[in-house]
Structures are given as structure tokens and as C-alpha cells.
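Let me begin by presenting the structure, written as C-alpha cells, before commenting on it.
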Amino acid sequence: MAFILLSEPIRKYLYDKGWEQLRPIQIAAIERILTTDNNYILSSRTASGKTEAAFLPILSKVNFNEIGVQVLYISPLIALINDQFSRIEELCKYLDVSVTKWHGEANRTLKTHLVKKPSGIVLITPESLEAMFVNRTFYVKELFSNLKYIVVDEIHSFIGTDRGVHLKSIISRLQNIQSKPFIIVGLSATIGDFIEAKCFTGNELNTKVLLDRTIRPINAHFRFFEQESEELPIDLLIDLYFEIKNDKVLIFPNSRGRAEEVAVKLKKISEKENGHQNFFSHHSSIDREIREYVEYFAKNSIRQNFCISCTSTLELGIDIGTVDEVVQIDSTNSVTSLIQRVGRSGRTEGESSNLFLYATDQWNLLQSLACWLLYTEGFIEPPLRNQNPYDILLHQALSITKGHSGIKLNDLREQLNKNFSFTQIDLSEIDEIISHLIKIDLLEKLGQEVIIGVEGEYIVNNHEFYSVFKTEENFKVINAGNTIGAIPFSPQIKEDVNIFLAARIWKIISVDFEARKIDVIRASDGKKPRFFGSGSAVHSRVRDKMLQILNCDTVYDVLNQQCLSEISRMRKDFAIYQIQDIKIDRPFLCAKKNLQFYTFTSTKINQTIDLLLDLLEIESSLDDKRSMFEFELSRQYFLKNWNSISKQLINLDSYLDRLLDKNLHIISFSKWGVYLPKKFQIKLIKDKILDIPGTELFLNSIRLVGDI
DNA sequence: GACCTGCTGCGGGCTG
């Protein structure tokens, strides 16, 4: 059925390709896209043919003889655009349709060709679209006012993020210049909840989800090697080496520094054992060319084995070919992340694949097991709902004003008000934000018009303006004129120190603070580089599961003997609290020197409680990995205050108000939030860092058990 | 001891 619906050239393409059958998601997509005008979210795991599922029917349906770009493909990564370009171009040869890459590193001459004769398909990033709206408002209309389809790849990576709100706003602005609305097709990995995904099109009711839940059978193996120093246990590395030496492997050690440590040390072991030398590291601090070489090597090594030690740079769908095994060292912070990483292995249809989960301490073992169990139960964290994106609205207000080279105040208000990315924000709030922008000279009012103000010019004319996320400042690492990568400054960076980078060892020869350059030469021993960063939040379901594991006697067959005995040691430790009901009982211990309180709840709720304790001037320290607070107080004093803590939630606004006076740093997580009126900064902090309703529910339902 | 993502316009120098 599906095959017959496709146009003649597309059928020829399939025939030439020798595809004997289409995948389920492709059949469903072809039938629906070709026979309805709905928006669609195509959801299935990595490498299940989602790109073709979208493009086979779209290319069959669209008449490319019309003037203007007909199909716009939006991707979160340049690397993905380059990957997809060759696939889409191959398809388009059958139709005589032009395909143009448009991103910061794409060929300018080809971009100019497109502007002269707008047609066919364009592959672009959200930031490049933003830049076009800002600098070439006229071209946006010429190019994109006759669009038929927008395809958003890896849409899950945008959902619940600032970048997603930004992209939604851009799509809304594009929809505004059409005479007939375009259709949106989102491509997504398996996600927990589709409401937010559907909202991405601006028309939830008219957006349908096509879901292929088929998952590959995974054999999980847990291992435990306690880490006693700063470095990974050598036993762990040796055990790991013998597990992976004859395979194609991805290792996720959770940080850039550790990724380097793992790559360098495994390579050393392999040297001794006369094994292969294809050990690489892959993360944001490694130069793009070197990363591309690693990806190229992996994709093209049919016979040779390899091992890439990486961070989340290899979580998204960059094509690296077949991977036999995935190794996770210490726990992911979410089930979502675990699913993404597992999805990278065993790309051959019907084959089961191996997952090794190493832990270097008890709490990582417990969290890792909790994530794995939730994964097997089918739980996935629901995406965050960004209810109050005042900061992104502010950014878009500047973008629209700059793009129009001045705009009537009423038009600006109206454009922001009808933008479907900001439906939660009232017109009166938009007015307040615009007035504030005028007050701080980012905008200037001239009669009925607003233009970019004196202070605003610095902001909008900087290339940092096109993105809504912040980036750390880096020092370039250079060896004999070749860039190895770029790392953020840390006290460790000084002459004569040896560091790992790009799976090699380097000695720092000189540091140029002015030019932000580090010169290095090869060395034979050293230490992993240090990186500082903020962590990500753990969902309360993961913490619930951790407590549940501690409070039962199930013997999990994925655990080896060592892991089992660690878990039973923890169970023994927690048995003293005599937990009856894991939903409400939370362990409380009066130790020799301090009080300990285990919340077993989400990172956000912990952070909110931490703030409430500050407000009450109760000194405490939060260890979020253990989900535990420690206090150096008497039990009586703590309990007296604890009972009234939830009442303090109403004082949070005024407390945050005072905090913002003292310390602007607390809003610095938001690139554009720093320019908002204080009232909105407070709302933003409550929305993004804290969880007020969750904390209220938590505090009102739990019961302390143990030394009570 | 905690991740990742993107980037215009303009001018100068060089090549064919």
C-alpha cells in the first residue's frame, strides 16, 4: 500500500537502492503524510530510518517547480546536517531538486546561489535562521514564504529547553509570513510524554504521533570497583579492557576529564597486551577536525575494532556505524540519557547487544540500577514544561526590533503576543518587559516606534546574539601549530603540567593569557584535565526507585556477586530506620557529630529545601548524589524548625528578591534573563531551578523515621 | 567529581 502511494522517481530510488521492504515507521509515515494534512511526530529509536520516513512521502508530494524553498530541515547540530546532506542529496538526484546546507560553516557561494534562485530543500540550524531574521529580514521572505514542510530532526533534544522555546518562536515567525500554513514533521527518539512534543507545532490538536516502541533486547551487566583515590581503579580498567578488546565500543564516563583518563589508560593497557591502538576520546573540548576524524574512522572501520570514550557528544544521531557494546561508567542522571546511550549499540536488525554498567561507589551503583530498572519498566522522565520563558521573549523582542530596523511599538507587542512560543505570557507582562528594555537603553522609543537603544547595539551586533544558551570561555590547546582542542581555564593550567587531551598526553610549555592559548608538546605521563560545570537534575522517580531497592530483598540477576554484596551492605545500613512505607518514610539519623536526613527526592526539590533552610538561617550541607542533608545542630532545634519549614514557601519571593539585590550571580544561568525586571527574574528562578509545588507536596506528605 | 549545542558582516590578504 505505502509503496504505491509514492511518486514514480521515489519508487525508482527504492528500487535502485535494493530495499526489499520498508520499516514500520516508514510505512505509517508514508500513508499518513501522503493522505492527510496533519502535523506529525515520528518517534522511534536511533537508526530506524526516520529521515527516510519523513522525506520519502514529502518528496513525493511537494511540487518543486514552485518558486521559493519548499522544504526546510532544521537540525540541532552542524554534524547532523552534514551527515543528512549526503543522504538527502542522493534521494534528490532522482527528482532534480537542489539541496542547500545553510549553517555557519557552510559554503558561502552556495548560500548566495540559493538567495539568487530560492528553491528546493534547505538544511539549517535554529541559530542560522535567527541570524537571517536579524540580518537579512528581506531574504527570509524571499526564501521561506512559500514553504510546504518543515522537518525538525532530533526534536526531543529541543523539548523542554530554552533552545526549544527559541526554535518554536522562529517557527512561529516563519508561519506568520506564509499565505498557506506549512506542515511540520518532527523526528524524535523515544520520549516520555508527547504533549510538549505536539505543542512544538503550535497546533497540538492537529499534531499526531506515529510511535514505534520496538526496542532491541539488551543484556545488562553490572560491575563494581570501589574508587579510593582521584583516579579510576586499575582493576576496573583491566576488567573493562578484557571486556572490550575485541569489539567496537562506546564508553560513557560522564565527564570530559574522565573520558580522557579512560582513553589514555586503556590505550596503555592495550599497548602492553599487543592489542589494537584505536582508542579515541570524543567531547566538546576536542577540536572539531579531530572529532570528525574519529567519527569517520568509526563509520568506515568494518574489520578494525575501536573504542571511543565520550560524553554526550555521541548521544545524538551522528552516524558512527555499527557499535557492538556500550559501557557506562557510573550512573547517568536520567533514564532518558541511558536510553539514548543504549540506543547507540547493536545497529544490525534483530541482534541483541551488551551494556556494561560499572560503578565506582555504592550510590552510583544504586542510582545506575534504579535507572536500569525504570528503563526495563518503560519509564522515561517527562520533559520539563517551560511555562515562563520571559528571557527568550526578551531576546526575541530585540531580534524582531533589530530585524525590522525599528518597528511600531504596537506591532512589536502584537508579534510577541501572537507568537505561539509565548502563549503563557500575558500582554501586560510583555508591556512590562518592553518598558524595562526601554528604561535600560536596550530599546529606544521614538514617537510610535522602537529602535535598538545605545546599550542594545553592543548586544545585537555581537555574534553571541544568535543563540539563547551560554558558553564557557576556553583556552586553545596548540601543538606545533595544530589545534588539539579548547579547554576552560582551571588552576591546573600552568607551565610544566602534563594533561590528557584527545586520548594523548601533553606537557604544557607556555600559557598565553592574553591570546588564551596553551602551547603543548607530547609527553609520556600526566593527569586528566579538570573541568568545572554545573550538574543536571535527577528526577524523583529515580530516587523513589533507589529507596525501593534498599527496602526490599530482590536479587537482581543483572548484578554480579560484588554488586550484590554492596547492595546488601547498603540495605543493612538502611534497615535500622525501619521504613514501613517508602512513599512517605524518609530516614533521619542522629550521628555522633551531626544530623543526617535522606530525602530520596528530586534534585530540584532538594535545591528548594536547601533554599528554605538558608531562609531559616539553618546551616546545612546538601549532598545531592546521596540526596542527603547534613546539619551540625541539636535534634530538638532541627525538629522544631523542620515542622514549620513548608510554611516558609510563601516567604520565598521576598527572600529571592533580597538575594538578587546582594548577588546578581544567581540569575546568571540565563543568558538573557539578566536584562529582565527583577519580578520576572524571580519567576524564572522559581520555574527553572526550584520546584515549589513539588516541594510543598513532598514536605506535607513525608514522615521522618529513625532517630526521632 | 557534572554535558551539549551555534555564529554575521566586513575587510584584508592571497590565488587564479
Side-chain angles (χ1 to χ4, degrees), chain A residues 74-82 101-106 108 111-112 115 124-137 139 153-154 156-159 161-164 166-167 170 227-232 252-261 281-286 288 291 309-318 328-334 336-338 340-341 359-361 363-364 367 395 399 402-403 459-472 474 486 488 490 492 527-538 603 623-626 671:
Chain A
I74 303 175
S75 150
L77 303 177
I78 289 177
L80 210 55
I81 289 184
N82 295 341
K101 286 192 268 192
W102 190 299
H103 55 64
E105 293 168 16
R108 286 192 183 193
K111 288 185 187 172
T112 317
V115 173
I124 201 164
T125 60
E127 286 73 20
S128 279
L129 274 170
E130 174 64 54
M132 284 179 100
F133 268 113
V134 172
N135 297 311
R136 313 180 180 211
T137 318
Y139 292 151
D153 206 352
E154 307 275 6
H156 59 277
S157 74
F158 291 112
I159 294 170
T161 70
D162 288 346
R163 206 176 177 205
H166 183 203
L167 175 57
I170 288 170
Q227 181 165 343
E228 271 143 9
S229 69
E230 275 209 356
E231 297 180 20
L232 278 169
F252 293 94
N254 286 353
S255 75
R256 288 173 283 178
R258 244 194 189 175
E260 290 298 341
E261 187 186 1
S281 59
H282 192 286
H283 54 77
S284 67
S285 285
I286 295 171
R288 186 167 252 141
R291 277 199 267 172
S309 179
C310 57
T311 59
S312 54
T313 46
L314 287 182
E315 257 185 38
L316 288 185
I318 301 169
Q328 176 66 44
I329 299 180
D330 283 338
S331 182
T332 57
N333 276 327
S334 66
T336 310
S337 183
L338 181 65
Q340 288 283 320
R341 293 173 183 188
T360 63
D361 66 62
W363 286 88
N364 266 300
Q367 186 175 319
H395 174 254
S399 163
K402 165 79 177 171
I459 295 168
V460 298
N461 290 325
N462 188 312
H463 66 178
E464 276 288 333
F465 182 67
Y466 309 114
S467 69
V468 295
F469 51 83
K470 286 179 78 159
T471 37
E472 53 194 354
N474 285 320
S490 78
Q492 182 194 16
K527 284 217 157 42
K528 64 181 179 187
R530 263 186 232 145
F531 296 101
F532 300 109
S534 57
S536 56
V538 177
T603 302
D623 177 351
D624 190 61
K625 189 92 215 169
R626 292 175 164 78
K671 187 168 171 181

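Below, chain A is the first sequence line, B the second, and so on; all start at residue 1. These values consider heavy atoms only, across backbone and side chains, with no hydrogens, waters or symmetry-generated copies. These figures come from a predicted structure and were not determined experimentally.
Where A:Gly104 and A:Ser284 meet DNA chain B, the nucleotide closest to each residue was compared, and A:Ser284 sits on the side nearer the 5' end.
With hydrogens and angles disregarded, a donor-acceptor distance shorter than 3.5 Å links the side chain of A:Ser285 to the backbone of A:Ala486.
A:Phe133 pairs by the ring-ring contact (aromatic ring centres under 6.0 Å, His included) definition with nothing, not counting sequence neighbours. Every salt bridge (Lys or Arg N to Asp or Glu O under 4.0 Å) that A:Asp330 has, sequence neighbours left out, goes to A:Arg258. For A:Lys111, the salt bridge (Lys or Arg N to Asp or Glu O under 4.0 Å) test picks out no residue, with sequence neighbours left out. In terms of the ring-ring contact (aromatic ring centres under 6.0 Å, His included) criterion, residue partners of A:His166 (sequence neighbours excluded) are, by chain and number, A:His395. In terms of the salt bridge (Lys or Arg N to Asp or Glu O under 4.0 Å) criterion, A:Asp361 has no residue partners (sequence neighbours excluded).
Across the protein-nucleic acid pair, A:Glu231 atom CD and B:dG1 atom P stand 11 Å apart, rounded to whole Å. Between the C1' atom of B:dC7 and the CZ atom of A:Phe133 lies a distance of 17 Å, rounded to the nearest Å. Rounded to whole angstrom, the span from the CD1 atom of A:Ile170 across to the P atom of B:dC7 amounts to 11 Å. Rounding to whole angstrom units, CD of residue A:Glu154 and C1' of B:dG6 are separated by 16 Å. Note: NZ (A:Lys671) to C1' (B:dC4) measures 14 Å, nearest angstrom. For A:Asp330 and B:dA2, the CG to P distance is 11 Å, given to the nearest whole Å. Distance A:Glu105 CD to B:dG6 C1': 9 Å, rounded to the nearest Å. Regarding A:Asn254, its CG atom lies at a distance of 8 Å from the C1' atom of B:dA2, rounded to whole Å.
No engagement by A:Leu316 is indicated, since no non-hydrogen atom pair under 4.0 Å with the nucleic acid exists. Note on A:Arg291: only backbone sugar-phosphate atoms sit closer than 4.0 angstrom, heavy atoms only; bases stay farther off. Contact annotation for A:Glu464: base contact, defined as any heavy-atom pair under 4.0 Å involving a base atom. If you check every strand for non-hydrogen atoms under 4.0 Å, A:Asp623 touches nothing.
Within the structure, a side-chain polar atom (N or O) of A:Arg256 is placed less than 4.0 Å from OP1 or OP2 of B:dC4. OP1 or OP2 of B:dT5 has not a single side-chain nitrogen or oxygen of A:Ser467 nearer than 4.0 Å. Contact annotation: A:Ser128 reaches the phosphate of B:dC7 (side-chain N/O to OP1 or OP2, under 4.0 Å). Contact annotation: A:Ser536 does not reach the phosphate of B:dC3 (side-chain N/O to OP1 or OP2, under 4.0 Å). Distances shorter than 4.0 Å separate none of the side-chain N or O atoms of A:Arg163 from OP1 or OP2 on B:dC3. OP1 and OP2 of B:dC4 both lie 4.0 Å or more from every side-chain N or O belonging to A:Thr313.
Judged by ring centres under 5.5 Å apart and planes tilted less than 30 degrees, A:Phe469 stacks against the six-membered base ring of B:dT5.
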All N/O pairs under 3.5 Å across the protein-nucleotides 9-16 of chain B interface:
| residue | atom | partner | partner atom | Å |
| --- | --- | --- | --- | --- |
| B:dG9 | OP1 | A:Arg136 | NE | 3.3 |
| B:dG9 | OP2 | A:Arg136 | NH2 | 2.9 |

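Between the CD1 atom in A:Ile81 and the CD1 atom in A:Ile74 there is a gap of 9.5 Å [rounded to 0.5 Å].
Using a 4.0 Å cut-off between a side-chain N of Lys or Arg and a carboxylate O of Asp or Glu, A:Glu231 and A:Lys528 do not qualify as a salt bridge.
Of the candidate nucleotides B:dG6, B:dA2, B:dG1, B:dG1 has the atom nearest to the side chain of A:Glu230.
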